[in-house]
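Notes for the one structure printed next.
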Amino acid sequence: MSLTLKAGDLTIHRIVEQETGFMPALEFLPTLTPELLAENRAWMQAAKALDAQDVLILCIQSYVVKTPHHTILIDSCIGNSKPRPRFPNWHMKTDDTYMRGLAAAGISVGDIDYVMCTHLHADHVGWNTRLENGRWVPTFPKARYVFGKTEFDYWAGVHAKTPSPTIEDSVMPIVEAKRHEIVGDEHAIGDHIRILPTPGHTPGHVAFTLGRGRDEAVVSGDLMHTPIQARYPELSMISDVDRTIAAKTRRSFLERYCDTDTLCCTAHFPSPSVGKVRRKGNGFSCEAI
Ligand SMILES: [Zn+2]
């Protein structure tokens with residue numbers, strides 16, 4: 001399993017926190033029919049994206065991008081000690097898998113210059129903070145944490161009405177520590193990292209395009225979760241906030257990168273998680289490199 005990739009003058013490391021069964025496919029993808037699942041079961045199982053009980057297998061990972069100037073961590077996974085009772089594999093966990101993954105890539109928490117989140121769900125912001133003497137503190141002591149304005153405003157509004165544990169323990173402590181930057185879609189880091197708005201899963205969901213002068217790679221976040229959504233971009237997942245917009249975003253994103261050399265770094269596809277987008281029937285596939 002390749003955990004390190006080269007793209008132009010960038011080095012990209014995958015830091016995997018979990019790769020395991022998550023939810024039955026028919027529940028996760030509400031418009032997936034048993035017939036369509038049956039047609040696609042063999043290749044999904046061969047890709048290790050589906051287990052023998054038709055449960056989808058998801059990888060949960062960060063991408064650490066080293067440019068000639070900065071080290072940037074994109075999406076910070078689940079984290080430890082976080083109350084997430086809906087997901088037993090996430091709830092109050094205490095394992096060292098993530099920190100061992102960083103160390104294996106030769107990265108320490110002090111090396112991270114920026115943390116960027118594609119969106120503010122629990123499996124993308126968890127390691128933003130860690131528990132220290134009963135308080136949530138930034139895990140990456142030198143990092144600026146970059147949040148998209150549309151996404152931040154949306155969750156701040158949700159949290160103000162009904163407190164969200166995720167926002168409470170993984171986003172607000174960053175704001176209180178004054179380590180955050182709220183940015184618009186035009187924001188870039190140097191000439192290597194740009195924002196590509198990809199709404200639908202959440203209102204302010206963004207992808208990040210990486211590379212000087214061209215998109216050598218793109219980190220796609222949760223605009224899709226599992227390879228069958230590339231094959232059938234109209235399949236939205238259960239927690240897409242706007243399933244219609246999510247489906248449109250998915251197709252236009254896949255069309256944008258179809259038959260290019262851009263490495264598509266997915267959040268949740270099973271390992272190797274990274275591939276090049278190719279046309280397949282009326283949809284696409286992300287072909288491992
Ligand atoms: Zn996710």
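The figures that follow rest on heavy atoms only: side chains count, while hydrogens, waters and symmetry mates do not. We count ligands from 1, going down the list as the structure has it; atoms in each ligand are counted the same way.
In this view, H69 satisfies the ring pair (Phe, Tyr, Trp, His ring centres under 6.0 Å) rule with no residue, not counting sequence neighbours. Y154 is linked by a ring pair (Phe, Tyr, Trp, His ring centres under 6.0 Å) to nothing, counting only residues two or more places apart in sequence or in another chain. Here D259 pairs with nothing under the salt bridge (Lys or Arg N to Asp or Glu O under 4.0 Å) rule; sequence neighbours left out.
Side-chain contact between R250 and D240 is present, with heavy atoms from C-beta onward closer than 4.5 Å.
The tally of protein N/O/S atoms under 2.8 Å from the Zn ion (ligand 1) stands at 4.
Aromatic pair H70/Y114: centroids less than 6.0 angstrom apart. Between H225 and H201, the distance separating the two ring centers is shorter than 6.0 angstrom.
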